[in-house]
Structure formats: structure tokens, C-alpha cells
Amino acid sequence: KVTVTFKHAGDAPILKRSTFKLSASTTIAMTADQLRKQLGIAPHEPLLLYCSTAFAPPLDETLGDVAQCF
Amino acid sequence: MEGQMEAAEARELAWAGCIPAVFSLAQDEVTTLEPPPCYHANLPRQSWLPLVTGEVVEHFLPFAPPMARASSMWMQCRGEPLRWQVPVGVLFDLLTSGDDQPGNGDMLPWQLTVRFQARPTDQLRGSVDDAKALVRSALKESAFLRCGSAQPVMDLSPLDDARIFEALCSASPIEAGSPAPAPSSGGSPPPLPPPSCLPPASPVSSQAAAGQAASQQTPAGKQGQPSASDAPASSPYEVYCQARTPLEASLLRSLGSRGERAVPTRAFVAQREWRQLPVAPLLPSGDPTTLADALALLLPRAFAAASDAEGSGGEGQRPTAIVQGVVVELNTPVSWLYEACSHPDGFLYVVCLMPQSQRTRG
């Protein structure tokens, strides 16, 4: 399990709960899909995820690998 | 110092690597009486498909269905969709290697099918801007892995950013005479300073690299300006080297007296099966990390199975590692490999071919 904390930026909606424990094999794309459901963002609307406010990890990278790298 | 010169030569050879490819429009998408002629191109290994296939789109679009758009183009190799997020050379090695050998002459030219319709839902659109964004993000990622900060990449000047992508969009990056931006003063372009992946136990080579990078920043010593915009360039590769000079110098400044934190490495088994973990340049014992050590970290199951097989008397069970289309000995220091064979996004890509027995087991 990987503990992930989301921080909103710009005009992104604010999550009611910002910290989640997710499986290490979850990909960034799956995480984005879950966030869309939580925030009510339509599939055609852009949602960008940045790691350490610096870069966007590849969508098929797993949370486990991202956590170990960064 | 000799090792660094060899790495520089290897790096230029890697940049010279191209894959002859022939593109054809999918037969079920041809809407004209005559099918379009195939399009032949040399694809640079170091680049990404959307950056070097603009002319392919222009060639086939007139023959495609009426609602087709350039942005909807996607490609297949033997029926398998190509993920444009993977560099061209890595894609070729992944899709055409077999029997533990890199792609051989039978696979050339690389046959690719172009489509404009029915893109799989899990395939992202790949425009030139999308590819540039991906490369920039990967550059920041690799810088973060090396020195703990993406700031060196964020400090890249717009001119250097443009130069990097001009080199990546060129079909012949090491050929002289290819268009390059600006510079006018005399002197030969400075060689690219090697990234300081050398272990801290080699202070001489690290200091030499730092000194080389510092001297290239102020060649005349009068104005104290970086040399990136002063020296002329005659090939996109040389332009790229000039653009990377301030980036590498900035990375060295971020590192200070510490060694690099990690060697940015990605190990691919298939287009969608890959790992990325921080690979330390040195083992806890102080020895340089070899490719075998790195792959044991990145692909533990494959290497554990290989070790078990070797322990029980099996032979030829170790996965084969291919970097820039060449089979690499597993005892090669990963720091040297990174210096010589990393891609422009700052990552070392290693394609791992599993032994036949492991592929059979799935």
C-alpha cells in the first residue's frame, strides 16, 4: 500500500479527504480515474497530476515505483 | 579520462542510430481508387514517433477516410498498436527482438501500418506538442532522480529548449548542414560534458567533469556568459550538446560535492511492462553498480528465476539486456552506460529479453 496525499492547484476542486492509501500496483491513470469520480470531473475535461509539483509521471507508471523514486 | 572519451564516442554513435522504416496505410482505411504508395523514412532511435512522423501524416492523410485528422493517427507493428510514449529505438528493440537477439536484418525495413480510425481507447493521442510535453516531464523526472530537484530543467532557457527539440525532430541528427538556430561567433562547438554519474570514489574524474563544464560555460572568460549561444553548430546533435551544456552544469551545481543520488533507468519487458526505480551508482560495498545489479532490482522475479535455474545447472537462463539496439554484458557499470547511452529525456532505457523458458511459463 502507498499513502498518497493530493493537493489541489489552480482552479482544481478541493477534495473532502486528501490522503488515501492505494495499492502499489495502481497506475497513475487508474489514480486519475478515481480522482475524476471523487471530484465529479467529466472524462473530456483535463485533469493533470504532478509529482512533487515538478513533473507529470507517465500514466502507466505504478504508484509503488513513483513512491520509491520520489 | 579514457573511459569518458569512449562514452562520448558511444554517445555520438547512439545518436547516429537510425531505423529504416516503411509506412503503409491500412487497407481498410484507403478511400481512393489507388492505394497510396508506401512512405520510406529513417527514424532516429533517440527520438519519439510524433516528432519524426509529421511527413508520414501529410503523405497519407489525403488517402484516408474523410473525417480523419492528423491528430487521430496511430500506428501498428504486426497488429500491435505502438505506444508513441516509448522512444523509437526502444520500440523497435521491443517489438522485433526475439530468440534473445536484438532485431536482425530480417526485420528491416521496419514495417509499420498507419491508421486514422478506431484508435484503441487506451492509446493516447500523440501530437508533436504532446510528445514535447512528455519529454520535458521526463527530463524533470530524470533530473529529480539524479540530484533531488527538477529546477535545473526548469531553468533551461527557451532557446536551449528549442534546440533540444530541433535535434529530436531532425531525421539526421548528426549530419552537418542541417538547420540550426542562431550562433555566429567562431570556434568549434564544445563537447557535451559528461553527466557526473561517476561514483564519488573517483574524485579526479568528477572534478574534471565539473571543471570541463565550468570552462565550457565561460570559454573566453570576458563576459562570463554561457557558451551555448556563442559557438557555431553544424549538426542537430552538436546543437543538442550545446543546449544540454548549461543543464548538465546546473545539475552539477545542485549536486555540489555529493555524488548523484540515482541513475535514472527504465527496464522494459514489453511496451506496457516496464519498471523504474532509483538505481544507486554505487553498491553499499563501494563497487560500481553493474547492469545485472540494476536489473535484479528492477526485474527481481526474472533475475531470481534465472539465478535459480543457474544454481540447478541450467545454462543460458539469464535475460538478455539490449541498450540502443546492442546486447550489453550484464557486468557493465550502469553509470558508464548512462553516460554513453541515455536518451535525450535523461533516462537509460534497457530492453530485457526473457529466456525462452520464462516466456513459455508466461
Side-chain angles (χ1 to χ4, degrees), chain A, chain B residues 48 81 83-87 90 121-126 130-156 254 261-280 297-300 345-347 349:
Chain A
K1 291 279 186 179
V2 174
T3 304
V4 183
T5 301
F6 296 101
K7 290 185 183 176
H8 70 282
D11 60 350
I14 303 173
L15 281 164
K16 290 179 188 172
R17 185 168 69 112
S18 61
T19 303
F20 299 84
K21 273 197 174 172
L22 300 169
S23 164
S25 59
T26 307
T27 63
I28 300 290
M30 292 177 193
T31 309
D33 288 340
Q34 289 296 323
L35 271 178
R36 284 181 183 280
K37 289 177 189 170
Q38 295 264 343
L39 297 171
I41 298 177
H44 64 274
E45 291 175 306
L47 173 66
L48 303 172
L49 293 180
Y50 288 89
C51 180
S52 306
T53 64
F55 57 86
L59 290 176
D60 55 350
E61 191 170 359
T62 59
L63 285 180
D65 284 358
V66 174
Q68 288 193 62
C69 286
F70 308 110
Chain B
W48 281 259
R83 294 192 69 239
W84 62 263
Q85 299 92 325
V86 181
V90 180
T121 51
D122 57 356
Q123 287 283 104
L124 294 178
R125 283 191 185 178
D130 294 330
K132 287 182 178 179
L134 179 99
V135 174
R136 285 193 190 100
S137 207
L139 255 179
K140 291 176 193 170
E141 227 179 313
S142 60
F144 201 105
L145 277 168
R146 289 171 67 187
C147 72
S149 169
Q151 199 60 42
V153 178
M154 294 185 188
D155 291 340
L156 260 182
S254 296
R261 290 170 34 154
V263 178
T265 309
R266 286 178 174 168
F268 275 76
V269 176
Q271 285 194 84
R272 293 184 182 276
E273 291 178 45
W274 61 282
R275 297 294 306 279
Q276 172 188 309
L277 290 173
V279 176
L297 172 70
L298 291 160
L299 301 170
D345 62 354
F347 279 93
Y349 286 84

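Sequence lines set the chain letters: A, B, ... in the order given, protein chains first and strands last, and positions in each chain run from 1. Heavy atoms only: backbone and side chains are in, while hydrogens, waters and symmetry mates are out.
Counting heavy atoms from C-beta outward, B:R146 and B:P264 have side chains that approach closer than 4.5 Å. Taking the side chain as every heavy atom from C-beta outward, A:T31 and A:F6 approach each other to under 4.5 Å.
In this structure, B:F268 and B:W274 have parallel ring planes: the angle between them is below the 30° cut-off, well short of the 60° mark.
Nearest heavy-atom pair, A:V4 versus A:L63, reported as atom, atom and distance to 0.1 Å: CG2-CD1, 4.0 Å.
Of the listed residues (B:R83, B:R272, B:R266), the greatest number of heavy-atom pairs within a distance under 4.5 Å of chain A belongs to B:R83. Interface summary for chain A: among B:R136, B:Q276, B:K140, the most heavy-atom pairs under 4.5 angstrom belong to B:Q276.
For B:E141, the parts lying near chain A are the backbone and the side chain together; criterion is any non-hydrogen pair under 4.5 Å.
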